[in-house]
Number of protein chains: 4
Amino acid sequence: MAIILGAHQYGKAENRVVRITRDTPRHEIRDVNVSSALRGDFAPAHLAGDQRNVLPTDTQKNMAYAYAKTVGLETLEGYGLALARHYVDDVPPVEGARIEIEEYAWERVQVDGAGHDHTFVRKGQEIRTCSVTVEGTGEAQQTWVTGGFKDLVVLKSTGSEFADFYVDEFTTLAPTHDRVMATSLVARWRFTTTDVDWDATYAGIKATMISTFATLHSLALQQTLFEMGRAVLEAYDVVAEVRLSAPNKHHFLYDLGRFGIENDGEVFHADDRPYGLIQAAITRDDAPDAGPAWNAYTGLV
Amino acid sequence: MAIILGAHQYGKAENRVVRITRDTPRHEIRDVNVSSALRGDFAPAHLAGDQRNVLPTDTQKNMAYAYAKTVGLETLEGYGLALARHYVDDVPPVEGARIEIEEYAWERVQVDGAGHDHTFVRKGQEIRTCSVTVEGTGEAQQTWVTGGFKDLVVLKSTGSEFADFYVDEFTTLAPTHDRVMATSLVARWRFTTTDVDWDATYAGIKATMISTFATLHSLALQQTLFEMGRAVLEAYDVVAEVRLSAPNKHHFLYDLGRFGIENDGEVFHADDRPYGLIQAAITRDDAPDAGPAWNAYTGLV
Amino acid sequence: MAIILGAHQYGKAENRVVRITRDTPRHEIRDVNVSSALRGDFAPAHLAGDQRNVLPTDTQKNMAYAYAKTVGLETLEGYGLALARHYVDDVPPVEGARIEIEEYAWERVQVDGAGHDHTFVRKGQEIRTCSVTVEGTGEAQQTWVTGGFKDLVVLKSTGSEFADFYVDEFTTLAPTHDRVMATSLVARWRFTTTDVDWDATYAGIKATMISTFATLHSLALQQTLFEMGRAVLEAYDVVAEVRLSAPNKHHFLYDLGRFGIENDGEVFHADDRPYGLIQAAITRDDAPDAGPAWNAYTGLV
Amino acid sequence: MAIILGAHQYGKAENRVVRITRDTPRHEIRDVNVSSALRGDFAPAHLAGDQRNVLPTDTQKNMAYAYAKTVGLETLEGYGLALARHYVDDVPPVEGARIEIEEYAWERVQVDGAGHDHTFVRKGQEIRTCSVTVEGTGEAQQTWVTGGFKDLVVLKSTGSEFADFYVDEFTTLAPTHDRVMATSLVARWRFTTTDVDWDATYAGIKATMISTFATLHSLALQQTLFEMGRAVLEAYDVVAEVRLSAPNKHHFLYDLGRFGIENDGEVFHADDRPYGLIQAAITRDDAPDAGPAWNAYTGLV
């Protein structure tokens, strides 16, 4: 028996890059949190402390900021693709690179009914995410891109049931045909191409998911998730798979009957923990293999 | 020398009350975090463990939910006033009550261009705050109300300077006449009356602050804060004082010149810590005494 | 009526200073989060953007790191006093300075039963705090020092009651004569002198509080807090006042009787929110005036 | 092309179970955060909202608390194994179950030099973790257990180098032969058996890792991680694989030379972001297949 090095990667996590476009008085802003991970021939560093193949994470930091200028941040995915390809193409020991990006959206401030030229307020809603993975060089190079978001908190105050479930001797939950359903949605989707109108597609997928969440009469959060994924796959050929993770943010009807007060679905306690947590992938039966697309870097704890 | 009990208060913090109004198919939602603190004759509990004057914090929890139904949550301030007055008027040992409320705003989901009847997405921007303090009963009863918000993140990408400052032997900062200025603003304001259109006033004050932040050419964050406060006081007679706490969320120009890349105010590193922190009160010279208006309960650590 | 500037202060918050003492192979480490706030003649900056009196917060950052070397961090309070006095004594526009420090404790790693020379593990328990406020110069200079900690989580699994409390029509809580009592304690205490053995006093006060928490049979968290404060005041002449803020971290007995399982104080749900929050000051009847000792800088939101 | 359901699971996350053992006056406490995820025949819930196979997450909550009494929490792993087997063995639609546990350690309070019977202080250091995965029934049942911890913050103030690394045109980092090395370590290890003295093994693995971190003269964090894993595998036959994720918590030497102050490895700025992030698996060449051992539930975002 020998002790060996298994999978390994390293990089610079959470570079907080802010890019202002100021070619005209009407500025634009793109505010991202970028992480890069390199995979390749780094066994000598682990086995013997030999760094000759190790591009410092400090250099990766420099790259994240430099490419924000030279490549630009017009789209997250274009920027991520450029970074990933650079590492694989230009740094010989690197065999694969993964770029993960979170975006914090800003919106233009309104002054006297018009958008201000150079003042913005952080939107504060969901955090948009994407990942780019590139492996190999030349003809053999392969690329995977995922999009997504996290922290999108949605709630419907009716139109949701939970009944006719499996009952055992530890089941005390009462079935309900009208409840509040809320979640802080994490969604990720896998593209089959890089020929995508990234921002329009992002906006469309988000709108499709929200619309499905709103209009589907839900018998279960499970059903809602599947239909959200299906709606996205039906509308977007460029997407092969959708993954959803949905904590059921419980809103418990507060018992006011003890005080002679009726509470017909009006007053709730929003509880913190524990919470139901539902996760599902929705895909196509002919989807190409996911390869390393889902192999997270910073998401891993 | 004797050891004595000084100031003391107790209550139930962070009741997560969600109120749905569903009288018609078009629902409304109000989502708050409510804390109540009672002040009064509670020395026996401290000195001897004698609880006879102590209304349990569990009862205060029940009240927060019950009043969300009976009084309603049409306005935060109306609900807070009702709770505070209840404790002072109806529970004999209570001499003063303070209610602190945070609100998490939701917006109606758009489906096919129209607002959905019962589906909402959390807005995610600033958290609105208010406090109500009531002391005494009958003719002697006094009331203080403050409004405010926290976590409003604003940024201007030009129109901000910092120069001509005090220089000593440890000063290495270069003056600048064009920088990014950003802050995560905490604002609180003190009303002189309870005869206020609460929601409209809140929206107006927030808009006034944002507009001032945007349009003032800033020589210092200090100046911007003062002008924001002044604009509010000029526009709202019902406000006697504005308090602002503004962390200077530093955006450092990234040094790309080392790589032969020009960076003319385009690529920044958004740093976490340390940060400049500027705080100021702006008031009227004839403002009534603040009394206990600023004596925080849950804000205190 | 005129709009005027009220109280104001500014500074550099959360400088993350780590000081290694390495005069011998046996290193020592002190890891702090330092904030400095200056008060004085800064109205021109607010009113006109005139910075000539404003020592940049960037300079205050430099000072925090420089003094960690020149003054050293042998004691938090000595370091804080030096910083505060420097600003008041050496920077003419400054009339008062407040230094706030948090300390993250490390302990020496054990290897083969002995403490390692230069490897440490973060202790992770409570965060020690202190504040230093200095006002005026020369003979008129006044100094206030507070010590404290936060995030000390203590629990007793018996020896705590809550009964015979005030009951109104919204009270549904059952009295109990045996419950779990737990809190994440915030404590601050005010010194009357700077002639203190700071570290020994800190350790002694913490031990005194914990010992009182453990050994007092508690009829109320209120009573426990008062006795903790009293024990400190009785043991430490240099302390004039103790302030305690204690969230009651509720441990609810889980109802297992529904399943025919007895639960006699053995299985609890540790709930997050809401929580009871008890706050009290314990002082001496001849305590000197607190002055600005409690006027927090970074604690304020 | 058809749209199909891919991998899916659901359960109750973050049940905050506290178990007191009070058979004698000397109490014991075990404080955990338990999550359970079920895998199996739940497609009807997703595809049609048909819940008949769905054991409510509320029931899983009841189970977590009930088993804390009936099975007990003497060891995390024994409790987790009992829960996982219950779901697979007793709930027909369930084909696989995963239990994830975090433990918050408490230590007995010292009073007059002796451990108190029923008062504890939260230790606050690393959070211990474990996972149990069970699939199949009867003879075909398979079980995987992992142990681990997170948030163990360790630092060495010398004995660490970083030099002779790969240099490209964006590399500006200076090599160093003496730096501070610190990380907030996440470690997970995979057992090959359930016949383990769980608590002793946990303590031993943690001590082995810390000892290796301390005593190895480090040429790279990569090397340190590999040696930590190797030391564990050499000492513990029951472990087949170790996975480590180590953010490089950068301590930057503060430039005091500008002020004529020498700083020879004594004063550092502890930076927040970005940070190097190194991840590696260390394993045996004859390790059994990991199966679903690493398929996280709550760790996934």
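Note on naming: letters A, B, ... go to the chains in the order of the sequence lines (proteins, then strands), and numbering restarts at 1 for each one.
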(message) Given heavy-atom pairs under 4.5 angstrom as the criterion, report whether the side chain, backbone, both or neither of D:Ala66 touches chain A.
(response)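 Looking at D:Ala66, just its side chain touches chain A.
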(request) Could you tell me which portion of D:Arg16 (side chain, backbone, both or neither) has an atom closer than 4.5 angstrom to a non-hydrogen atom of chain A? (result)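 The side chain, not the backbone.
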Residue pair [X] / [Y]: nearest heavy atoms and the distance that separates them:
{"X": "A:Lys61", "Y": "D:Pro274", "result": "CD-CG, 3.6 Å"}
{"X": "D:Thr171", "Y": "A:Pro56", "result": "CG2-CG, 4.2 Å"}
{"X": "A:Leu55", "Y": "D:Tyr166", "result": "CD1-CD2, 3.6 Å"}

Heavy-atom distances under 4.5 Å only: say whether [X] touches chain D with side chain, backbone, both or neither.
{"X": "A:Val91", "value": "both"}
{"X": "A:Ala163", "value": "backbone"}
{"X": "A:Pro92", "value": "both"}

(request) Using side chain to side chain contact (heavy atoms under 4.5 Å, CB included) as the criterion, list what pairs up with D:Thr172, not counting sequence neighbours. (result)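 If we apply the side chain to side chain contact (heavy atoms under 4.5 Å, CB included) test to D:Thr172, skipping adjacent residues, the hits are A:Asp58, A:Asn62, B:Arg258, B:Phe259.
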Is there a side-chain contact between [X] and [Y], using heavy atoms and a 4.5 Å cut-off?
{"X": "A:His8", "Y": "D:Leu225", "result": "no"}
{"X": "A:Asn248", "Y": "D:Thr57", "result": "no"}
{"X": "A:Leu173", "Y": "D:Thr59", "result": "no"}

(message) Counting only non-hydrogen atoms closer than 4.5 Å, can you tell me which residues of residues 232-241 of chain D sit against chain A?
(response)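 Listed by number, the contacting residues are D:Leu233, D:Glu234.
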(request) Name, in order of residue number, those residues of residues 42-54 of chain A that have a heavy atom at a distance of less than 4.5 Å from a heavy atom in chain D; otherwise write 'none'. (result)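 Interface residues of residues 42-54 of chain A: A:Ala45, A:His46, A:Leu47, A:Ala48, A:Gly49, A:Gln51, A:Arg52, A:Asn53, A:Val54.
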(message) If the condition is ring pair (Phe, Tyr, Trp, His ring centres under 6.0 Å), which residues does D:Phe252 pass it with, not counting sequence neighbours?
(response)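 D:His250.
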